[in-house]
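So that the names make sense, note that chain A is the first sequence line, chain B the second, and so on, each numbered from 1.
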Number of protein chains: 2
Amino acid sequence: MSMKIVFLLYDGMTALDAIGPHEVLSRIPKAQIQRVARVPGPIQTCSGLQLIADLSLSEISQADILLIPGAGNATTLGQYPDILDWIRVIHATTLWTTSICTGSLILGAAGLLQGLRATSHWAVLDRLRTWGAEPMHSRIVESGKIMTSAGVSAGIDMALALAAKISGQSVAETIQLGIEYDPEPPFDAGSPDKADPVIVEALRKRLMNVFEK
Amino acid sequence: MSMKIVFLLYDGMTALDAIGPHEVLSRIPKAQIQRVARVPGPIQTCSGLQLIADLSLSEISQADILLIPGAGNATTLGQYPDILDWIRVIHATTLWTTSICTGSLILGAAGLLQGLRATSHWAVLDRLRTWGAEPMHSRIVESGKIMTSAGVSAGIDMALALAAKISGQSVAETIQLGIEYDPEPPFDAGSPDKADPVIVEALRKRLMNVFEK
């Protein structure tokens with residue numbers, strides 16, 4: 001039995017949101033990964049890099065794991081009812097429905113977070129309330145079969161946790177060793193609790209401008 | 001003055017090796033990123049994902065920062081003297097020449113590591129001796145203007161260190177906060193010193209088969 005893992009890609013998305021988990025989950029036994037988009041072909045990420053989506057939404061009707069990456073423009077996906085419909089349809093078939101960073105705002109817009117605890121990028125965490133979710137300042141939040149993760153790099157931690165749930169801890173540890181994920185950030189500024197408050201407020205302002213667009 | 005940052009892409013490469021640093025370095029002020037390959041267009045990474053290379057080697061004659069990602073087949077790049085020539089030419093123009101994971105074996109094959117300390121993915125660290133380098137079991141190794149990093153995920157740490165050198169610590173900390181890089185790996189198995197020895201030896205054997213191909 002293969003494990004069907006589906007990534008939603010879209011223009012403006014943050015590349016690392018998807019590629020962190022993609023690198024991890026591609027290494028579980030019998031992983032069958034599919035990268036889908038509204039329109040298949042080159043997808044422009046926010047850092048300029050283009051990724052290729054192989055399939056269109058209509059070519060996918062089921063997933064064991066669904067992953068929704070984030071973006072500065074994540075909430076604009078709410079303008080595409082076909083994407084939100086597709087997410088709801090796939091969600092009904094999954095073992096795990098997951099998001100990275102502001103991808104949780106897309107799950108929220110699709111109506112999947114009503115009454116549930118969830119996380120997101122720290123700068124937009126409160127917006128989860130718009131969709132009836134209870135924001136949690138945690139790296140990973142598990143609510144039934146929905147798993148949300150914090151900003152960008154948190155997707156790597158989430159994917160390792162998922163790998164353990166699906167294939168066992170020994171497989172997850174093998175993957176962690178394979179990608180030599182023994183982090184040594186040169187600074188301790190990765191969370192609003194830890195970074196210099198001046199940096200936090202300056203970045204929050206800048207990100208608000210991005211997210212308001 | 002822009003900061004010209006050049007990523008070498010090639011079929012078989014590990015996507016996260018490049019995308020981790022790409023996400024970080026795209027956020028430094030005036031970053032101008034170029035993604036180049038022997039043949040521009042879709043590049044098949046080892047996890048199935050395709051990335052797009054925008055330019056061919058001959059279209060790039062200078063870089064401020066050169067980044068060489070790794071791959072299971074990294075050493076096969078030695079079969080392309082034009083790639084190694086290009087690396088040497090660009091290296092002569094850089095502020096920083098860098099590698100992620102087995103990308104250091106490519107720098108070695110290009111003759112750039114002779115007599116220098118360097119690192120690589122833990123499973124192939126000793127192979128650096130083939131190219132006259134002194135292997136160091138460190139996450140990041142700086143030797144003059146050459147910076148090498150350990151396996152796959154180490155590129156994120158290296159890129160933050162580079163961002164600080166180029167744009168100052170406050171910029172690097174802002175980027176770290178922006179990608180919420182406050183790692184919480186669910187397991188402590190990211191290094192051969194920390195993982196279960198049974199897992200280390202099994203993975204070492206499996207990787208040796210990949211690298212011997």
Side-chain angles (χ1 to χ4, degrees), chain A residues 14-16 18-20 22-24 26-27 33 35 42 46-52 54 101 121-123 139-140 150-154 156-157 160-161 164 169-170 172-174 176-196 198-200 202-203 207, chain B residues 7 14-16 18-20 22-24 26-27 33 35 42 46-52 54 101 121-122 139-140 150-154 156-157 160-161 164 169-170 172-174 176-196 198-200 202-203 207:
Chain A
T14 303
L16 186 55
I19 306 311
H22 192 284
E23 198 66 61
V24 169
S26 69
R27 294 167 189 234
I33 300 197
R35 293 155 295 268
C46 65
S47 56
L49 171 80
Q50 291 184 300
L51 309 175
I52 293 183
D54 309 301
C101 196
H121 190 285
W122 60 267
R139 193 118 177 114
I140 304 172
V152 191
S153 61
I156 299 173
D157 296 329
L160 286 168
Q169 183 168 338
S170 159
E173 291 188 357
T174 301
Q176 184 181 2
L177 182 61
I179 64 167
E180 207 162 342
Y181 185 50
D182 183 27
E184 290 179 27
F187 312 107
D188 190 17
S191 149
D193 307 333
K194 296 177 178 176
D196 178 337
V198 175
I199 287 178
V200 175
L203 183 57
L207 291 175
Chain B
F7 285 83
T14 303
L16 186 54
I19 306 312
H22 193 284
E23 198 65 61
V24 169
S26 69
R27 295 167 189 234
I33 300 198
R35 293 156 294 269
C46 65
S47 55
L49 171 81
Q50 291 185 301
L51 309 175
I52 293 183
D54 310 301
C101 196
H121 190 285
W122 60 268
R139 193 119 177 113
I140 304 171
V152 191
S153 62
I156 298 172
D157 296 329
L160 287 168
Q169 182 168 337
S170 158
E173 291 188 357
T174 301
Q176 184 181 1
L177 182 61
I179 64 168
E180 208 161 342
Y181 185 49
D182 184 25
E184 291 180 26
F187 311 108
D188 190 18
S191 147
D193 308 333
K194 297 177 177 176
D196 178 337
V198 174
I199 288 179
V200 175
L203 183 58
L207 291 176

Pairwise distance [atom1]([X]) to [atom2]([Y]) - rounded to 0.5 angstrom:
{"X": "B:Ile156", "Y": "A:Tyr181", "atom1": "CD1", "atom2": "OH", "value": "7.0 Å"}
{"X": "A:Leu177", "Y": "B:Phe187", "atom1": "CG", "atom2": "CZ", "value": "13.5 Å"}
{"X": "B:Leu51", "Y": "A:Ile19", "atom1": "CG", "atom2": "CD1", "value": "6.5 Å"}

For the student: nearest non-hydrogen atoms of [X] and [Y], plus distance:
{"X": "B:Ser26", "Y": "A:Ser47", "result": "OG-CB, 3.4 Å"}
{"X": "B:Val152", "Y": "A:Gly178", "result": "CG2-O, 4.0 Å"}
{"X": "B:Gln176", "Y": "A:Asp188", "result": "OE1-N, 4.1 Å"}

Top of [options] for chain A proximity - count of heavy-atom pairs under 4.5 angstrom:
{"options": "B:Pro192, B:Ala195, B:Ala164, B:Gly48", "result": "B:Gly48"}
{"options": "B:Arg139, B:Glu173, B:His22", "result": "B:Arg139"}
{"options": "B:Asp196, B:Ile179, B:Val198", "result": "B:Ile179"}

Using heavy-atom distances under 4.5 Å, tell me whether [X] contacts chain B through its side chain, its backbone, both, or neither.
{"X": "A:Ser153", "value": "both"}
{"X": "A:Ala150", "value": "both"}
{"X": "A:Leu16", "value": "both"}
{"X": "A:Glu23", "value": "side chain"}
{"X": "A:Val24", "value": "neither"}

B:Asp193 side chain reached by A:Asp182 side chain, heavy atoms, under 4.5 Å: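 Of all side-chain heavy-atom pairs linking B:Asp193 with A:Asp182, none is under 4.5 Å.
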Can you confirm whether A:Glu184 sits close enough to B:Ile140 that some side-chain heavy atom of one is under 4.5 Å from a side-chain heavy atom of the other?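 SC-SC contact between A:Glu184 and B:Ile140 ruled out.
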Can you tell me if B:Glu180 uses its side chain to pair, donor with acceptor, with the backbone of A:Ala154 under 3.5 Å?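 Checked: no pair found.
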Does B:Arg35 reach the main-chain N or O of A:Gln50 with its side chain, forming a donor-acceptor pair under 3.5 Å?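 Flag not set: sc B:Arg35 to bb A:Gln50 has no pair under 3.5 Å.
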Return the option, out of A:Thr174, A:Leu160, A:Leu49, A:Asp54, with the maximum number of heavy-atom pairs under 4.5 Å with chain B.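 The answer is A:Leu49.
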Name the option with the most non-hydrogen atom pairs under 4.5 Å to chain B; the candidates are A:Pro42, A:Gly151, A:Ser191, A:Ala189.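 Top option by heavy-atom pairs under 4.5 Å: A:Ala189.
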Tell me, for B:Val200 versus chain A, whether the close heavy atoms (under 4.5 Å) come from the side chain, the backbone, both or neither.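 Both backbone and side chain.
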